[in-house]
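To keep things clear, I will list the structure first and then write my remarks on it.
As the structure is a computational prediction, the values presented were derived from the model and not from experiment.
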Amino acid sequence: MKRTISGFILISLLALTSCKSNSTTNIQKTNLREVVNSSDATLVDVRIPEQYNAGTAKGAINIPLAEIQNNVDALKGKKVVVFCNKGIQADQAMEILKKNGVEVYDGTSWKNVKAIQDEKQ
């Protein structure tokens, strides 16, 4: 009897957790699409200039991660989407910008942001 109750509780918790995370993920993706495609979004590629020059999202500016702290004031009051190659530098940039009061969104990779832009067309 105890195993049955424990199993039921475990299954219930797993079901609730999976439902919650799926809905949060969908909300975040919807918001990112809206922000990336809005005319007032500032797209920031935080990779080094050589990587930026090799390819990036349309309309993106390049502010390397090492320089992001020095550009906080210029980004305040804007909707900022940060991205890099795989999302690691973007996560670091998000932390810095959030701590400094910038409205920032995680675009993860430049290919992800570019794909969102291409969906619109």
Side-chain angles (χ1 to χ4, degrees):
M1 180 72 169
K2 285 184 181 181
R3 267 191 211 174
T4 305
I5 292 172
S6 296
F8 177 76
I9 291 172
L10 180 60
I11 291 170
S12 298
L13 287 174
L14 290 174
L16 289 173
T17 304
S18 67
C19 292
K20 184 176 180 184
S21 64
N22 285 342
S23 105
T24 303
T25 301
N26 289 339
I27 290 169
Q28 289 172 346
K29 286 182 182 178
T30 301
N31 288 341
L32 183 60
R33 280 187 180 88
E34 290 172 9
V35 174
V36 166
N37 291 320
S38 71
S39 60
D40 62 341
T42 301
L43 306 178
V44 179
D45 188 329
V46 298
R47 300 176 298 158
I48 60 174
E50 293 82 9
Q51 291 172 319
Y52 169 82
N53 291 332
T56 192
K58 295 175 206 142
I61 61 172
N62 184 221
I63 305 175
L65 178 60
E67 298 173 20
I68 205 81
Q69 182 69 47
N70 299 332
N71 288 277
V72 167
D73 289 337
L75 297 173
K76 280 189 178 175
K78 299 179 180 180
K79 291 180 185 177
V80 178
V81 178
V82 293
F83 53 90
C84 57
N85 271 334
K86 296 181 181 176
I88 296 167
Q89 293 174 325
D91 287 344
Q92 294 171 354
M94 280 194 57
E95 284 183 40
I96 293 167
L97 294 173
K98 277 184 180 180
K99 285 180 186 175
N100 287 282
V102 175
E103 181 182 352
V104 63
Y105 298 83
D106 185 2
T108 307
S109 71
W110 71 271
K111 290 180 180 180
N112 182 51
V113 173
K114 187 173 182 336
I116 291 170
Q117 291 174 324
D118 291 346
E119 282 178 3
K120 183 180 175 187
Q121 297 174 350

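- Contact record, Lys58 with Leu43: O-CD1, 3.4 Å, taken as the closest heavy-atom pair.
- For residues 39-54, the side-chain hydrogen bond (donor to acceptor under 3.5 Å, both in side chains) pairs, not counting sequence neighbours, are Ser38-Asp40, Asp45-Arg47, Asp45-Thr56, Arg47-Asn85.
- Among all heavy-atom pairs drawn from Val113 and Ala57, the shortest one is CG1-CB, 3.6 Å.
- Taking a 4.5 Å side-chain heavy-atom cut-off between Ile, Leu, Val, Met, Phe, Trp and Tyr, the cluster of Met94 extends to Val44, Val46, Ile61, Ile63, Leu65, Ile68, Val72, Leu75, Val80, Val82, Ile96, Leu97, Val102, Val104.
- Minimum interatomic distance between Pro49 and Pro64 (heavy atoms only, all atoms of both residues): CD-CG, 4.0 Å.
- Across Gly107 and Phe83, no two heavy atoms sit closer than the pair C-CB, 4.0 Å.
- Under the salt bridge (charged side-chain N to carboxylate O under 4.0 Å, His left out) criterion, no residue pair touches residues 88-100, with sequence neighbours excluded.
- Sorted by first then second residue, the side-chain hydrogen bond (donor to acceptor under 3.5 Å, both in side chains) pairs that include residues 73-83, not counting sequence neighbours, number zero.
- Every residue was checked against the side chain to side chain donor-acceptor pair (under 3.5 Å) condition with Gln69, not counting sequence neighbours, and none meets it.
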